2 protein chains.
Amino acid sequence: MPSSTVEDYLKAIFQLSRKSTDGKRVALGAVSEQLGLTAGTVTTMMKHLQSEDFVSYEPRRGVTLRESGEKAALQVLRRHRLIEAFLVDIMKLDWADVHEEAEILEHAISDKLIQRIDEMLGHPSHDPHGDPIPTATGEMDNATFAALADVESGHYQLMRVSRDDSEYLKWLSSHSLHPGQALQLVSRDHFAGVITLKVADAEPIQIGETAAQALLVKKC
Amino acid sequence: MPSSTVEDYLKAIFQLSRKSTDGKRVALGAVSEQLGLTAGTVTTMMKHLQSEDFVSYEPRRGVTLRESGEKAALQVLRRHRLIEAFLVDIMKLDWADVHEEAEILEHAISDKLIQRIDEMLGHPSHDPHGDPIPTATGEMDNATFAALADVESGHYQLMRVSRDDSEYLKWLSSHSLHPGQALQLVSRDHFAGVITLKVADAEPIQIGETAAQALLVKKC
DNA sequence: ACCTCTACTTTGAGTAGTCAAACTAAATAA
DNA sequence: TTATTTAGTTTGACTACTCAAAGTAGAGGT
Ligand SMILES: [Mn+2]
Ligand SMILES: [Mn+2]
Ligand SMILES: [Mn+2]
Ligand SMILES: [Mn+2]
């Protein structure tokens, strides 16, 4: 069984590979950035992960997950997201706080317990941030959505929030911005980089492009 | 913060110190036995724990917990037992299976979440095995009970099961032997080392002295 | 074709935890 | 008292993970 360290590496590579331009290849710099480790540490680990058949690593070109690595990554992601859903729905913790907790628990919870949690929640398809939960066999919905930052005026539904930072999520909550919420992009000032939004029938709010980058929406 | 390794050492020392004849002093052999580590490993760790002010260690004489070590041990015990109670009462896992799970989760669950669990359970005083749960401030009920193996015929209440082994606990379950249960010691054969028991109005059962050693009872 | 900069790799070192095997203090037996 | 046994200690080695700092491959700029 992979250690929690290895699980975190595989998860990071998996997530970076989805955003990768170059096929599914991930640059080591992105990994070290994501995990907050030095470049040398990551190089060393990549050799190790390759020797364990988790990844395929070409020096100076990057890494891609091999089958067993992807499988392991999906299991970690499944545990992470089920745990988040559990903490919000059953334990009534704030969705802004559950990420950190899940980052640790994802390595500590047994298969038996994760199965129990899954049943208890009725096999949820998405976590509290709108991220899809892989099935026990490693299937994952790979729908993609446009960022609010890249979209024109109109009516949308918030599908997913792609940022973990707790303060940001708390701010979203305070404006009822959570997955599922309907909203209207009223107008945008491209030069100032500010977007005006209406959520339900509340007062319009202003939001910067960076903040809008993490709000993934569907036209409706 | 102590690592999970250190937490397990402190917990082991704490639990062994309660059974200690020589004050609260614990022999290193008992620690290595309990944790399944070699003697040398434990010696090395004791020096380290002393340097961190968790224990007081006298070579060849044993260790005792210092204040901060005892405090840490009680916190781990609290987490462990609350988690067990949670897994049984809320998650509906079998009491025979929760120990292993708790052994890991006790190091992974945050204070915030443990507090949530405690509230959700209504501040329970004992875990599913009848072990007392220390309070957040480190107070613990230290009531002691006689082992069924050491007691004469009569009516008793099962208060506590002092053994973790899952097969044993499953066997107890199958005879309705769980904390709180009333039972009658019908007779005992001191030479054969066999005790005859009646639980509620079921058929009498036979139980050996070793098995009866783990059943802690109160006269009633 | 050469230079430079960036991203990556290598090297050397350190922490935390562990074991096997050699050694020793001290309790117990003779 | 001396010898033996037991419990504990020391030593040397190993795995897993990490960093800082020195070194290098190769992409892009001139
Ligand atoms: Mn993690
Ligand atoms: Mn999430
Ligand atoms: Mn533990
Ligand atoms: Mn217990």
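In the text below, chain A, chain B and the rest are named by the order of the sequence lines, each starting its count at 1. Quantities reported herein were computed from a predicted structural model and do not represent experimental measurements. FYI, side chains are in, hydrogens and waters are out, and symmetry mates aren't considered; it's all heavy atoms of this structure.
Whole-Å rounding puts the A:H48 NE2 to D:dC14 C1' distance at 14 Å. A:M1 places its CE atom 15 Å from the P atom of D:dA16, with the value rounded to the nearest Å. B:D8 has its CG atom 15 Å from the C1' atom of C:dA16, to the nearest Å. When the P atom of D:dA16 is taken as reference, atom OH of A:Y9 falls 14 Å away, rounded to whole Å. In this structure, the CE atom of B:M46 is 14 Å from the P atom of D:dT10, given to the nearest Å. Atom NZ in B:K47 sits about 10 Å away from atom C1' in D:dT11, given to the nearest Å. A:L37 has its CG atom 17 Å from the P atom of D:dA16, to the nearest Å. One atom, CE of A:M45, and another, C1' of C:dC8, lie 17 Å apart when rounded to the nearest Å.
Of the candidates A:E7, A:E106, A:E84, A:R79 forms a side-chain hydrogen bond (donor to acceptor under 3.5 Å, both in side chains) with just one, namely A:E7.
Between A:H99 and A:H80, the two ring planes are tilted [angle within 30° to 60°]. Between A:H175 and A:W171, the angle of the ring planes lies from 30° to 60°, which puts this pair in the tilted group.
The aromatic ring centroids of A:W95 and A:H178 lie 6.0 Å or more from each other.
Checked against D:dT9, C:dG17, C:dT9, the side chain of B:V6 finds its nearest nucleotide in C:dG17. Side-chain proximity of A:R60 to D:dC19, C:dT18, D:dG26: nearest is D:dG26. Among the nucleotides C:dG17, D:dA20, C:dC19, the one closest to any side-chain atom of B:T38 is C:dC19.
When the side-chain nitrogen and oxygen atoms of B:T44 are compared with OP1 and OP2 of D:dT9, none of them lie within a distance under 4.0 Å. Put simply, B:T5 has a side-chain N or O that comes within less than 4.0 Å of OP1 or OP2 on C:dG17. OP1 or OP2 of D:dC17 sits under 4.0 Å from a side-chain N or O of A:S3. One finds a side-chain N or O of B:Y57 lying less than 4.0 angstrom from the OP1 or OP2 phosphate oxygen of D:dT9. Listed pair B:T41 / C:dG17 fails the phosphate criterion, with no side-chain N or O lying under 4.0 Å from OP1 or OP2.
Sorted by first and then second residue, the pairs that involve residues 126-142 of chain A and meet salt bridge (charged side-chain N to carboxylate O under 4.0 Å, His left out), not counting sequence neighbours, are A:D131-A:R160.
The nearest heavy atom of DNA chain D to B:G29 and to A:S4 marks one nucleotide each, and the one closer to the 5' end goes with B:G29.
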